[in-house]
2 protein chains.
Amino acid sequence: MPEQFRKGVLVPRLDDVAAAAGVARSTASRVMSGEATLTIREETRQRVLDAAAKLGYRPDTRARALRLKRTYALGIVVPEIDNPAFGTIIRSAQKAAIERRYSLFISLADKDQPDTALYRRLVEGKGVDGVLVTTISDPGLVDELRRRSIKHLLVNRELEGHQGSIIVDYVEATAQVVEHLVMLGHRRLAFISGPLHQYAGQKRLEGFTKGLRRCGLVPDEQLIGECNYGWAEAAEVFKRIYVASAAPPSAVCAANTTIASGMIAGARSIGLEVPDELSVISLLDSPLALMHVPAISAVQFPFEELGRLAANELIDAIENGSEMENVRLERFRIAERGSVSSLR
Amino acid sequence: MPEQFRKGVLVPRLDDVAAAAGVARSTASRVMSGEATLTIREETRQRVLDAAAKLGYRPDTRARALRLKRTYALGIVVPEIDNPAFGTIIRSAQKAAIERRYSLFISLADKDQPDTALYRRLVEGKGVDGVLVTTISDPGLVDELRRRSIKHLLVNRELEGHQGSIIVDYVEATAQVVEHLVMLGHRRLAFISGPLHQYAGQKRLEGFTKGLRRCGLVPDEQLIGECNYGWAEAAEVFKRIYVASAAPPSAVCAANTTIASGMIAGARSIGLEVPDELSVISLLDSPLALMHVPAISAVQFPFEELGRLAANELIDAIENGSEMENVRLERFRIAERGSVSSLR
DNA sequence: TAGGGTTAGGAAATCGATTTCCTTTTCACT
DNA sequence: AGTGAAAAGGAAATCGATTTCCTAACCCTA
């Protein structure tokens with residue numbers, strides 16, 4: 001009875017393929033997995049392949065993983081899913097992974113639920129061969145990965161003394177934005193950041209002050225604002241800064257397009273024209289930048305490349321045991337749109 | 001030597017725990033997996049638990065899955081990751097899954113790469129116990145799931161004759177938006193949809209004409225536009241419609257906030273005031289709606305509930321073999337903000 | 001045709017956990 | 001103390017694939 005049962009109801013196993021082709025399980029395995037440690041006669045190969053096709057055989061990943069101690073799966077931990085930068089990274093990383101015959105699983109690192117799916121089941125349970133980490137707000141994750149010596153690569157994040165990270169250059173890009181504005185004649189620059197205790201905020205602030213110093217200017221505490229809660233807050237923060245400052249800014253760098261947009265709304269609400277009376281630039285591009293009149297100038301980073309390289313570097317490390325490096329992608333581009341004016 | 005080797009370098013297995021506790025593997029298994037088919041003396045239990053804790057033992061998911069024929073993992077296939085509705089669905093589904101001790105893996109159904117990770121490795125290779133499907137643009141996926149009799153649930157999508165889907169009511173919501181506008185005195189309504197060949201576009205168009213008919217009005221082909229490529233196109237489409245129509249619309253329904261935003265820009269570019277000369281409402285809310293002055297009125301759907309219920313229904317079906325139902329969440333809310341005016 | 005080297009393919013161990021089936025121990029009761 | 005039932009725990013099969021080790025068949029040459 002098991003014979004009928006197997007053919008009809010259940011999913012075929014390798015044994016079924018072997019039986020159908022009239023060969024041993026081992027031979028079927030050799031044919032299916034391709035990696036020929038042994039030569040197989042062409043005619044036998046075809047018999048097995050035909051049988052597999054007819055039965056609709058698909059190898060069982062779980063069994064394979066158990067035996068091979070390899071899952072050919074990668075995980076990526078992301079803090080938020082609807083951030084366009086992460087979206088791009090995920091997409092390109094998945095594409096690169098698939099090209100090398102790996103799968104990529106995405107797992108959200110929920111703030112209220114740090115005990116993520118990926119972490120609990122996959123990493124601890126050896127469900128993935130490696131992990132891309134795009135958030136370090138929970139340092140416990142990286143610690144644990146290191147402790148269990150699971151290959152992992154920090155993506156768009158870096159950590160003091162940590163081997164294996166790949167980043168874009170927020171610092172230099174921000175510094176160059178500042179230089180760009182100064183070259184256009186701006187002298188009073190404001191900076192409205194996202195949460196300053198987070199990685200991106202810190203790097204951008206660092207770049208901001210670095211850029212100013214390169215131009216022989218000194219940062220003015222009064223012109224530096226922090227915005228934790230998005231658009232509406234950005235408008236308020238801007239107004240507060242503008243009104244309070246002795247000499248108001250002629251240009252503002254916003255951490256991202258949401259903040260830039262909010263700031264523009266704030267500026268307009270107190271009668272300021274953009275870009276004539278206030279130049280605005282976003283330190284991170286997104287589709288939102290184009291949804292304004294004028295469109296918002298913004299810095300574009302090679303996030304697609306970042307995701308691709310990250311996946312490939314991780315896979316290399318898994319397959320060749322190669323050490324992971326710390327890579328910094330220096331490329332970026334200031335997309336000049338209409339929100340910045342020249343004072344000259 | 002293997003003894004030392006195991007303790008030092010490698011990850012502990014159940015056998016190591018058993019050895020450390022001085023019991024048999026089977027006993028250790030019974031303690032660790034909790035499900036007591038057999039009673040275990042409290043003292044023995046503690047010994048095993050202590051040993052496991054000391055060794056840092058974590059069960060190997062792959063081996064477990066192989067033996068149990070269950071992975072306690074769910075997959076979700078999403079068409080795009082940076083759409084706020086999908087973001088909400090994913091987040092709440094993941095949360096619900098974790099609460100029931102399942103993992104949720106997200107996989108992007110890339111258009112140019114329909115051969116997704118989830119599909120290839122997980123579904124075919126029995127890597128997940130069930131799948132949430134949020135896109136039907138590739139009907140092959142659903143076909144294949146059905147053919148392999150893998151539990152799956154359509155989320156925010158439905159298919160003729162398909163058992164197992166959970167949706168929000170785009171049709172009724174859109175119809176009620178139309179009624180709402182008509183009650184405010186609007187008679188000439190325009191509708192700018194996203195791609196009309198896709199699910200959401202079809203449902204909204206259906207609701208739009210249904211709403212009009214309920215109010216005794218007839219849809220005017222001239223006032224129906226399609227926008228496939230986002231903001232800038234929406235502005236153009238709107239202008240074209242407005243200029244071309246004999247009697248111009250006093251209100252417009254946009255499929256989503258990006259289109260609504262683009263339309264508003266288009267309207268302003270031809271000198272129209274919003275909401276005084278043109279009312280605008282989005283049939284789908286997103287943070288972008290609040291990034292306007294005036295803020296854009298929009299329809300809010302219970303996507304969080306959708307994701308939660310979807311995960312739970314799928315898990316129920318997996319665990320109890322219960323049939324999956326077709327559920328429609330009727331709740332929705334029209335968030336009135338400033339972009340709609342009354343003509344009375 | 002015997003001998004040596006290849007080529008082709010099979011039997012069985014293995015990966016790590018679960019579970020069935022069985023044996024031993026414990027305990028209550030007479 | 002002896003008996004039977006219940007409790008506690010162990011040995012081994014199992015899940016589905018890979019791989020090592022081995023044997024049989026084949027081919028060529030001397």
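Below, chain A is the first sequence line, B the second, and so on; all start at residue 1.
- Straight-line distance from the OH atom of A/Y72 to the C1' atom of D/dT18: 11 Å, rounded to whole Å.
- B/K69 has no side-chain polar atom (N or O) that falls below the 4.0 Å cut-off from OP1 or OP2 of C/dT18.
- Among the nucleotides D/dT18, C/dA12, C/dC15, the one closest to the side chain of A/S33 is D/dT18.
- Rounded to an integer number of Å, the gap from B/D15 CG to C/dT14 P is 12 Å.
- Comparing A/T27 and B/R25 along DNA chain C, the residue whose closest nucleotide (by nearest heavy atom) sits nearer the 5' end is A/T27.
- Using a 4.0 Å cut-off between a side-chain N of Lys or Arg and a carboxylate O of Asp or Glu, B/E43 and B/R47 qualify as a salt bridge.
- Closest contact between the side chain of B/T44 and the listed nucleotides D/dA17, C/dT19, D/dA8 involves D/dA8.
- A salt bridge links B/R100 and B/D316; the closest N-O separation between the charged side-chain nitrogens and carboxylate oxygens is under 4.0 Å.
- Here C/dA12 presents its C1' atom at 11 Å from CZ of A/R67, a figure rounded to the nearest Å.
- Between A/E42 atom CD and C/dG9 atom P the separation is 11 Å, expressed in whole Å.
- Between the side chain of A/R62 and the base of C/dG16, no donor-acceptor pair of N or O atoms lies under 3.5 Å.
- Comparing C/dT19, D/dG10, D/dA8 by their nearest atom to the side chain of B/L68 picks out C/dT19.
- Checking the phosphate oxygens (OP1, OP2) of C/dG16, a side-chain nitrogen or oxygen of B/R13 falls inside 4.0 Å.
- When rounded to the nearest whole Å, the span between CD1 of A/I40 and P of D/dA25 equals 17 Å.
- Side-chain contact, B/N156 with B/T134: no donor N or O sits under 3.5 Å from an acceptor N or O.
- With A/H152 as the partner, the side-chain hydrogen bond (donor to acceptor under 3.5 Å, both in side chains) test is satisfied by one option alone out of A/E144, A/R146, A/H162: A/H162.
- Counting non-hydrogen atoms under 4.0 angstrom, A/L14 reaches a base of the nucleic acid.
- Closest to the side chain of A/D60, out of C/dA13, C/dA8, D/dG16, is D/dG16.
- Each of D/dA17, C/dA17, C/dA8 was ranked by its minimum atom distance to the side chain of A/R64; first place goes to D/dA17.
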Point to revise | Candidate pair B/Y102 and B/Q94, rule side chain to side chain donor-acceptor pair (under 3.5 Å), full reasoning | key: CA-CA 9 Å; B/Y102 279 69; B/Q94 171 170 295; over 6 Å; no

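- Residue whose closest nucleotide on DNA chain C sits further toward the 5' end, between B/Y57 and B/R41: B/Y57.
- Distance from the side chain of A/L66 is smallest for C/dG16 among the nucleotides C/dG16, D/dG10, D/dA17.
- A/S29 has a side-chain polar atom (N or O) that falls below the 4.0 Å cut-off from OP1 or OP2 of D/dT18.
- Taking the side chain of A/R30 as heavy atoms from C-beta on, and the options C/dG10, D/dA17, C/dT18, the nearest nucleotide is C/dG10.
- Rounded to an integer number of Å, the gap from CZ of B/R58 to P of C/dA17 is 12 Å.
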